[in-house]
Amino acid sequence: MSDIARNIITLREEIPANVRIVAVSKLKSADDILKAYNAGQKIFGENRVQELVRKYNSLPRDIEWHFIGHLQSNKVRQIASFVNMIHSVDSFRLLQVIDREAAKAGRIIDCLLQFYIATEETKYGFSLSEVLEMLESEDFQKLKNIRICGVMGMASFIDDDDQIRREFMYLSECFRRLKDEFFSGDDAFKELSMGMSGDYKIALEEGSTIVRLGSTIFGSRYQG
């Protein structure tokens with residue numbers, strides 16, 4: 001058994017069954033991805049459009065591909081026909097483009113609203129006020145080919161567990177507020193995507209339903 005397969009088995013024993021694991025496969029070879037796939041992992045996350053398209057075309061078609069990186073509007077078209085979920089919707093303009101390209105592809109694309117919860121200025125995402133304004137707008141109601149399934153956020157890349165926990169708690173609060181005020185009758189709005197290899201245990205304690213794991217699956221030399 002490969003180390004990758006062993007890691008997946010260990011994670012499945014540790015992580016609650018209702019939490020989905022996204023294997024972050026950026027920069028990983030097809031061989032490594034297949035090792036994870038053959039161990040039962042079916043959800044993979046990529047953060048570069050070109051790499052995602054290449055892997056989609058060469059790997060098993062029952063893989064569920066999630067886009068987890070910053071997505072440029074002019075590249076949405078390349079993945080609109082097959083991507084299962086886009087975690088990183090960080091502007092209304094991007095959401096409009098996804099809706100338009102999904103309509104062209106005859107699909108409804110699942111999306112998560114990315115919140116800015118960290119201290120680093122390099123992170124992307126909405127503020128809560130921006131999301132509230134968007135969801136209340138008439139323009140948002142016109143979007144018919146996207147499905148908002150929840151929220152996503154990335155905590156600060158620091159060693160302070162207390163701060164990381166506060167950031168995840170805040171994202172959880174944002175999720176609950178949106179659920180109560182806008183999506184109370186929508187069963188699809190259920191995902192709280194937070195937690196990566198360095199902080200997923202804290203994220204699970206704060207209610208995460210999707211964790212994005214790279215080095216925990218593919219090994220310590222993997223950066224992600």
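The shown structure was predicted, so the numbers you read here are calculated from the model rather than taken from an experiment.
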Answer yes if M152 and M169 sit in the same cluster of Ile, Leu, Val, Met, Phe, Trp and Tyr residues linked by side chain heavy atoms under 4.5 Å apart, and no otherwise. no

Would F157 and Y124 show up in the same hydrophobic cluster when neighbours are defined by side-chain heavy atoms closer than 4.5 Å?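 No; tracing contacts between hydrophobic side chains, which count when under 4.5 Å, never links both residues.
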
Above 12 or not: heavy atoms from other molecules or residues under 6.0 Å from CZ of R61?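 Enclosed: over 12 neighbouring heavy atoms sit under 6.0 Å from CZ of R61.
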
Counting only heavy atoms not in D187, do more than 12 fall under 6.0 Å of its CG? no

Any donor-acceptor pair under 3.5 Å from [X] side chain to [Y] backbone:
X: N145; Y: R100; value: no
X: K179; Y: D186; value: yes
X: D110; Y: M85; value: no
X: T209; Y: L192; value: yes
X: D99; Y: L95; value: no
X: E51; Y: L27; value: yes
X: S2; Y: A5; value: yes
X: K55; Y: S25; value: yes
X: K144; Y: Q141; value: yes

Please report the closest heavy-atom contact between [X] and [Y], naming both atoms and the distance.
X: L143; Y: F92; answer: CD1-CE1, 3.7 Å
X: R107; Y: A80; answer: NH1-O, 2.7 Å
X: I21; Y: I43; answer: O-CB, 3.6 Å
X: I210; Y: S208; answer: O-OG, 2.9 Å

Does the side chain of [X] come under 3.5 Å of the side chain of [Y] through a donor N or O and an acceptor N or O?
X: Q114; Y: S88; answer: no
X: E64; Y: H66; answer: yes
X: E14; Y: Y200; answer: yes

Compare all side-chain heavy atoms of T119 with those of Q163 and state whether any distance is below 4.5 angstrom. yes

Got a salt bridge between D3 and R6, using NZ or NE/NH1/NH2 to carboxylate O under 4.0 Å? yes

Strictly below 4.0 Å, N to O, side chains only: are D31 and K35 in salt-bridge contact?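 Salt bridge present between D31 and K35.
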
Under 30°, 30 to 60°, or over 60°: which ring-plane class applies to F44 and W65, parallel, tilted or perpendicular? tilted

How are the rings of F82 and Y56 set relative to one another: parallel (under 30°), tilted (30 to 60°) or perpendicular (over 60°)?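 Plane angle under 30°, so parallel.
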
Stepwise, does the side-chain contact (heavy atoms from CB on, under 4.5 Å) test hold for E191 with R20? CA-CA 10 Å; E191 305 295 0; R20 291 198 284 171; 3.1 Å; yes

Would you list the atom pairs, donor with acceptor, under 3.5 Å between side chains in residues 170-177 and any protein atom, with sequence neighbours excluded?
unit_1: S172; atom_1: OG; unit_2: R176; atom_2: NH1; d: 2.7
unit_1: R177; atom_1: NE; unit_2: E181; atom_2: OE2; d: 2.8

